[in-house]
Number of protein chains: 2
Amino acid sequence: MDNQLSVGRPTILDVARVAGVSHATVSRYLNKRAYVSEQAATAIDQAIREVNYVPSRTARSLVNRQTRAVAFVVRESPTLFFTDPNLSKMAIGANAALSAQNYQMLFMIIDSEQSAARITELIGGGFVDGVILVAMSLNDPAAQAIANTPTPAVTASVPLPDSLVPHVDTDNAGGIETLTRLLHESGFHTIAHLGGPEHEPAAILRHAGYKKALGPAYDPALVDFANQWELEAGRASMRRLLAAGPEIDAVIASSDLLATGALDVLAEQGRRVPEDVSVSGFDDSDWALRAHPPLTTVHQDSYRIGEELAEVVLRQIDGEDLQGFGRIIPNEVVWRESSGPRSDAS
Amino acid sequence: MDNQLSVGRPTILDVARVAGVSHATVSRYLNKRAYVSEQAATAIDQAIREVNYVPSRTARSLVNRQTRAVAFVVRESPTLFFTDPNLSKMAIGANAALSAQNYQMLFMIIDSEQSAARITELIGGGFVDGVILVAMSLNDPAAQAIANTPTPAVTASVPLPDSLVPHVDTDNAGGIETLTRLLHESGFHTIAHLGGPEHEPAAILRHAGYKKALGPAYDPALVDFANQWELEAGRASMRRLLAAGPEIDAVIASSDLLATGALDVLAEQGRRVPEDVSVSGFDDSDWALRAHPPLTTVHQDSYRIGEELAEVVLRQIDGEDLQGFGRIIPNEVVWRESSGPRSDAS
DNA sequence: CTGAAAGCGCTTACAG
DNA sequence: CTGAAAGCGCTTACAG
């Protein structure tokens, strides 16, 4: 009566032997996609418990050519990732959407060149069915390598250059455009723009929104681009703006961090915010709330962006061709003290 | 001259055909573990580029019986996870240690019953070689199921009941013991303990540390256990303590959150902190810093805990039997305003 | 140094 | 309804 089992973990053959059927029948039972007699079913069910059988994921993946897993790869300093609420909400949103379709999200952190290579091989080697790539900097070899893999991919926030990988992003242009309009309507008329690095897509789009809102009133003398997305670069840029146009009564910065740099310089020079100059940012990050005064900014629905990212990979996994596709998610202006009272406040 | 390639992604057979060798030789070349002639090597190398070959992870895993991946499973509200700096530092530490050994850490979030079942199957099915389990609540079926899998596991923070799964934890008893001693030396003599839920291991250990430090001076009348790790439970417990022993001049709470509840009640009753009563917590979480006044607490090196967690799974993957093993990581008292001036401050 | 062959643990037409 | 057989893409003794 001793059913010899193999040494390692039990396989479908062990179950078959105990149940007294062929392993093909066990497989059919497991996959519920073909008829199995009631009698065989109960025998198999019991055998599964008896030998404590769990199907091998790798064997299944090999024959099915799918893993039902999607990687969420972060090309960022891990600390920054966990700190940035926008990024973590994105991850939570994507996880929920994937989970709902019974896909497992696998969060991976690139924290070294070695890990970048390993993750690229993993993804190129079919360890997952798709990949959501979060990378802030362009021309990043690691990001490029992952995107060039045959595995369906989507990038968050930044469309990769020279690549047809679809991307999902917040409405950079629209957010700033709306903000500019609101400031204008609230009585600010000499509105400067403190942009991000001039060649970065996000900076370009945000500048475009500013320009569009102003229309013919747009004045290039009131625009300056910071060299980096850094506090110090924001300060330098603000100094240039003040030197060029001392009469400005509002500054629209391309990020909360740059706006914080602007606040520093304005304080140095004795300009009051918002009484003398209104300041605003983008992102609605912690910087916006911690600033003195708290910053008007553009808030993005990161959870939703995460969900859309998931949808875009999933559709590609289902065979849809989404080359070059871009999805823009609307955002929302959050009006705070740094812009003074809002004229049209209801 | 047209080398017919199969339709899907190229396989080792395609490489072999193009290079004019057998696929076994290609495999040997890839694994560098047997001699391959220089001539064959260059041909293969070129063929790999030509067909753009990347080895299949699933096929490899199936024959090698290993995936070189370790799951980091979080049984927590995802938001809480990303918010809690202790948890994210743990993840970063584990990721770094695993990565250094060329293992890929796969971060997975349990956010529903469905996902709990899916992840359990994944792990039981050999999708990863090991699992680090972060679960705060005991008797959690999902945690138990994962731990009962044949896959090597380790739990963070909490040893699972009735389980021999190894665990790594901060020195609960030692931290509170040291803290109690320091308070005593600083002139506090009627020191109460506001413990966590009476049957939770962490609460039991912390209480033990308090008791040990006090020795014969220990007085059970000065001890109360909160019903939950919640703010409100901390308040209720503090009220009971004050009712039982109004003369207390220090309260050692089992967590920062419980300590915050204690602060609320003391403020209500007009007792000044630290002038009338010293208050301290455990965790060095945001609660500790945001409290008024900031809380003395026990700080844990979460990054290091993460590294140790990785080491414990890795050793098991390497075949070591670590059943029942527990690793206790030392921690450190952080003295802040809620305890007044420290007598032995250097 | 290198092929042919078996096998890792599954799924799935194909005949019965 | 169910077995036998082939195949998913690799690795690895075993002979040469």
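Sequence lines set the chain letters: A, B, ... in the order given, protein chains first and strands last, and positions in each chain run from 1.
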Query - Rounded distance in Å - CZ (Arg9(A)) to P (dC8(C)) - result: 15 Å
Query raised in the report: Of all the choices, dA13(C), dC10(C), dA4(C), which nucleotide is nearest to the side chain of Arg28(A) once you look at every atom?
Result: dA13(C)
**Report entry** salt_bridge(Asp129(B), Arg68(B)) N-O dist < 4.0 Å
**Finding:** no
Query raised in the report: Over how many whole Å does the gap from Gln66(A) atom CD to dG9(D) atom P extend?
Result: 14 Å
Query raised in the report: Between Asn31(A) and dT11(C), does any side-chain N or O lie under 4.0 Å from OP1 or OP2?
Result: yes
Query raised in the report: Considering residues, nucleotides and ligands other than Asp162(A), do more than 12 of their heavy atoms fall under 6.0 Å from its CG?
Result: no
Requested in this report: Go through dT11(C), dC8(C), dT12(D) for me and flag the one nearest to the Ser27(B) side chain.
Outcome: dT12(D)
Requested in this report: Please work out if Ser37(B) contacts a base, only the sugar-phosphate, or nothing of the nucleic acid, heavy-atom cut-off 4.0 Å.
Outcome: sugar-phosphate
Query raised in the report: dT11(D) phosphate, OP1 or OP2: any side-chain N/O from Arg60(B) under 4.0 angstrom?
Result: yes
**Report entry** Between dT12(D) and dG16(D) - C1' atom distance, rounded Å
**Finding:** 16 Å
Query - Phosphate OP1/OP2 of dC10(C): any Tyr53(A) side-chain N/O under 4.0 Å - result: yes
Report task. Would you indicate, yes or no, if dT11(D) has its OP1 or OP2 atom less than 4.0 angstrom from a side-chain nitrogen or oxygen of Arg65(B)? Result -> no
Query raised in the report: Is dG3(C) paired to anything, Watson-Crick or G-U wobble with both distances less than 3.5 Å, and if yes, which nucleotide?
Result: dC14(D)
Query raised in the report: When you measure from the side chain of Asn64(B) to the backbone N and O of Gln66(B), does any donor-acceptor pair fall under 3.5 Å?
Result: no
**Report entry** Atom-pair distance (CD1 on Ile12(A); C1' on dC8(C)), nearest Å
**Finding:** 14 Å
Query raised in the report: Given atom CG of Leu13(A) and atom P of dC10(C), what is their separation to the nearest angstrom?
Result: 8 Å
Query raised in the report: Salt bridge or not for Asp14(A) and Arg17(A), using N-O below 4.0 Å?
Result: yes
Report summary line: Atom CZ of Arg17(B) and atom P of dC10(D) are separated, to the nearest Å, by 12 Å
**Report entry** Separation of atom CD1 in Ile48(B) from atom C1' in dC10(D), rounded to whole Å
**Finding:** 14 Å
Requested in this report: Round to the nearest Å and state the distance from Ile44(A) atom CD1 to dT2(D) atom P.
Outcome: 8 Å
Query raised in the report: Which comes earlier along DNA chain C counting from the 5' end, the contact point of Leu62(B) or that of His23(B), where each point is its nearest nucleotide?
Result: His23(B)
Report task. Can you tell me, in whole Å, how much space there is between the P of dC1(C) and that of dA5(C)? Result -> 24 Å
Query - Residue Ala59(A), side-chain atoms from C-beta onward, closest of dT12(C), dG9(C), dC10(D) - result: dG9(C)
Report summary line: Leu30(B) CG to dT2(C) C1', in whole Å, measures 16 Å
Requested in this report: Please work out if Ser56(B) contacts a base, only the sugar-phosphate, or nothing of the nucleic acid, heavy-atom cut-off 4.0 Å.
Outcome: sugar-phosphate
Query raised in the report: Around atom CD of Gln46(A), are there more than 12 heavy atoms of other residues, nucleotides or ligands at under 6.0 Å?
Result: no
Query raised in the report: How are the rings of Phe72(A) and Phe107(A) set to each other: parallel, tilted or perpendicular (split at 30° and 60°)?
Result: parallel
Report task. Would you indicate what Thr25(A) reaches in the nucleic acid, counting non-hydrogen atoms under 4.0 angstrom: base, sugar-phosphate, or nothing? Result -> sugar-phosphate
